[in-house]
Amino acid sequence: MLTTDSASTATIVRSVRVASALNARLVAVMAIPERANDDRPARVAAHVSNVLTRIFPLRGYELTVRPGSPVDLAIEVGTSRSPLFVIVGSGWKSRPVSRIVDALEVPVLVSRDPHQGGELIGASDMTDDSYPVLSEARSLADALGRSLVYFHNARPASLFSTDPLFGPASYARMFHEKIREVATKRTELEEIAPPEGVSTVVREANTVTALLELARDRDADIIVVGQRPRSRFARILGMGIAERLVEQSPRSVLVVPLTPSS
């Protein structure tokens, strides 16, 4: 399902490619202002329809245009249609994206300009043996015919900004435990990655920074990350990793819903 409040051709094209790869019907949802006093909504709707007709003629599509907010309309239509994915434009912020993920419990792709590297980066904390984020990332990568980089961050075990080896002596044991964890996670990633896949385990204090740097170095196209449901109050207090990526990443971000126990 594509939800749009703009006429971004790039977002429409990506939505068509994802729908085609998944052999799914595309439902485009467009919100217009409650009190539109000019012909812009009609012109934008006509543009979206023309682009879809031109590049997606074989499978067909549905276009729903209604007054209201984009996020509310996306949730309303998505609740009745049970989409595989929701795709939104590059200008969407983290809060409405999180609302859609929590409400519909389906992945939301924040579509931004494509990057030539074309890879996907699947990021997971690997606390769930089913690897929900990596599984979703691999399914999408396979459907799109893309390569996937398996990523895990084993954060330093320190209350300080410095490495434990340079902190109190009591942290030496924690440091060695982290070394073993890195080795274990690397083995796990290599086991679930396909033979031609790439896996990387890092020890960085900031997961978002590590992901952005990895995506930049590999010129990756999409970063796939998980998000657990949180209360509105918790989101006001601070952003999680998925929310910060949506805000900071110049690349597309796929936000995968996680259960509280994942």
Side-chain angles (χ1 to χ4, degrees), residues 1-34 36 39-114 120 132 135-137 139-146 221-222 224-227 229 242 246 252-258:
M1 184 177 79
L2 162 68
T3 180
T4 178
D5 54 354
S6 67
S8 171
T9 301
T11 300
I12 298 171
V13 170
R14 188 185 287 272
S15 301
V16 167
R17 289 176 177 171
V18 171
S20 298
L22 298 175
N23 197 30
R25 185 173 180 82
L26 179 62
V27 177
V29 178
M30 179 184 165
I32 60 175
E34 293 281 358
D39 65 345
R40 183 177 179 276
R43 287 188 287 108
V44 173
H47 172 73
V48 172
S49 180
N50 288 337
V51 173
L52 285 172
T53 300
R54 185 174 69 252
I55 65 178
F56 202 45
L58 297 180
R59 289 192 54 80
Y61 65 90
E62 298 176 32
L63 175 60
T64 299
V65 182
R66 296 182 191 172
S69 75
V71 63
D72 290 338
L73 187 55
I75 292 173
E76 176 188 342
V77 175
T79 300
S80 64
R81 300 304 297 267
S82 301
L84 297 173
F85 278 84
V86 174
I87 303 175
V88 300
S90 61
W92 279 61
K93 298 298 184 180
S94 61
R95 188 168 296 179
V97 170
S98 295
R99 279 188 59 197
I100 295 175
V101 173
D102 289 348
L104 299 181
E105 297 182 340
V106 299
V108 174
L109 175 64
V110 183
S111 177
R112 289 170 178 148
D113 290 341
L120 279 70
S135 297
E136 191 72 56
S139 296
L140 182 59
D142 288 345
L144 295 175
R146 305 282 186 83
D221 188 29
I222 303 174
V224 186
V225 65
Q227 173 185 284
V246 169
S252 297
V253 178
L254 177 64
V255 183
V256 178
L258 298 177

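The structure presented is a predicted model; accordingly, all values stated were derived computationally and were not measured.
Nearest heavy-atom pair across P114 and D221 is CA-OD1, 3.3 Å. Taking every heavy atom of both residues into account, G226 and A242 meet most closely at O-CB, 3.7 Å. Taking each heavy atom of V101 and P257 in turn, the nearest pair found is CG1-CB, 3.7 Å. Annotation for L26 and S15: closest pair CD1-CB, 4.2 Å, computed over non-hydrogen atoms. Heavy atoms only, all atoms of each residue included: L84 and P107 are closest at O-CD, 3.5 Å. Heavy atoms only, all atoms of each residue included: A143 and A21 are closest at O-CB, 3.4 Å.
Residues D102 and Q227 are in side-chain contact: their nearest non-hydrogen atoms beyond the backbone lie under 4.5 Å apart. By the 4.5 Å heavy-atom criterion applied to side chains, L140 and L120 are counted as neighbours. Side chains of V225 and L254 form no contact here, defined as non-hydrogen atoms less than 4.5 Å apart. P70 is listed as a side-chain neighbour of W92, based on a closest heavy-atom distance under 4.5 Å. The side-chain heavy atoms of S252 and L109, taken from C-beta on, include a pair separated by under 4.5 Å. Proximity of V29 to V27: side-chain heavy atoms (C-beta onward) are separated by under 4.5 Å at one or more points.
For T79, the side chain to side chain contact (heavy atoms under 4.5 Å, CB included) partners at least two apart in sequence or on another chain are I75, L104. S90 is linked by a side chain to side chain contact (heavy atoms under 4.5 Å, CB included) to R112, counting only residues two or more places apart in sequence or in another chain. Under the salt bridge (charged side-chain N to carboxylate O under 4.0 Å, His left out) criterion, E76 pairs with R66, not counting sequence neighbours.
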Checklist entry - Under the side-chain contact (heavy atoms from CB on, under 4.5 Å) criterion, do I87 and V18 qualify, and how do the steps go? => result CA-CA 9 Å; I87 303 175; V18 171; 4.1 Å; yes
Next on the checklist: side-chain contact (heavy atoms from CB on, under 4.5 Å) for L73 and V71? Distances and angles first, verdict last.
Outcome noted: CA-CA 5 Å; L73 187 55; V71 63; over 6 Å; no
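Counting non-hydrogen atoms of other residues, nucleotides and ligands closer than 6.0 Å to CD of E105 gives a total of 12 or fewer. Around atom CZ of R146, more than 12 heavy atoms belonging to other residues, nucleotides or ligands sit under 6.0 Å away.
The backbone N or O of V16 sits nowhere less than 3.5 Å from a side-chain atom of Y61 that would complete a donor-acceptor pair.
Taken to the nearest 0.5 Å, the CE atom of M30 stands 11.0 Å off from the OG atom of S49.
Note on R14 versus D113: no salt bridge recorded, every NZ/NE/NH1/NH2 to OD/OE distance being 4.0 Å or above.
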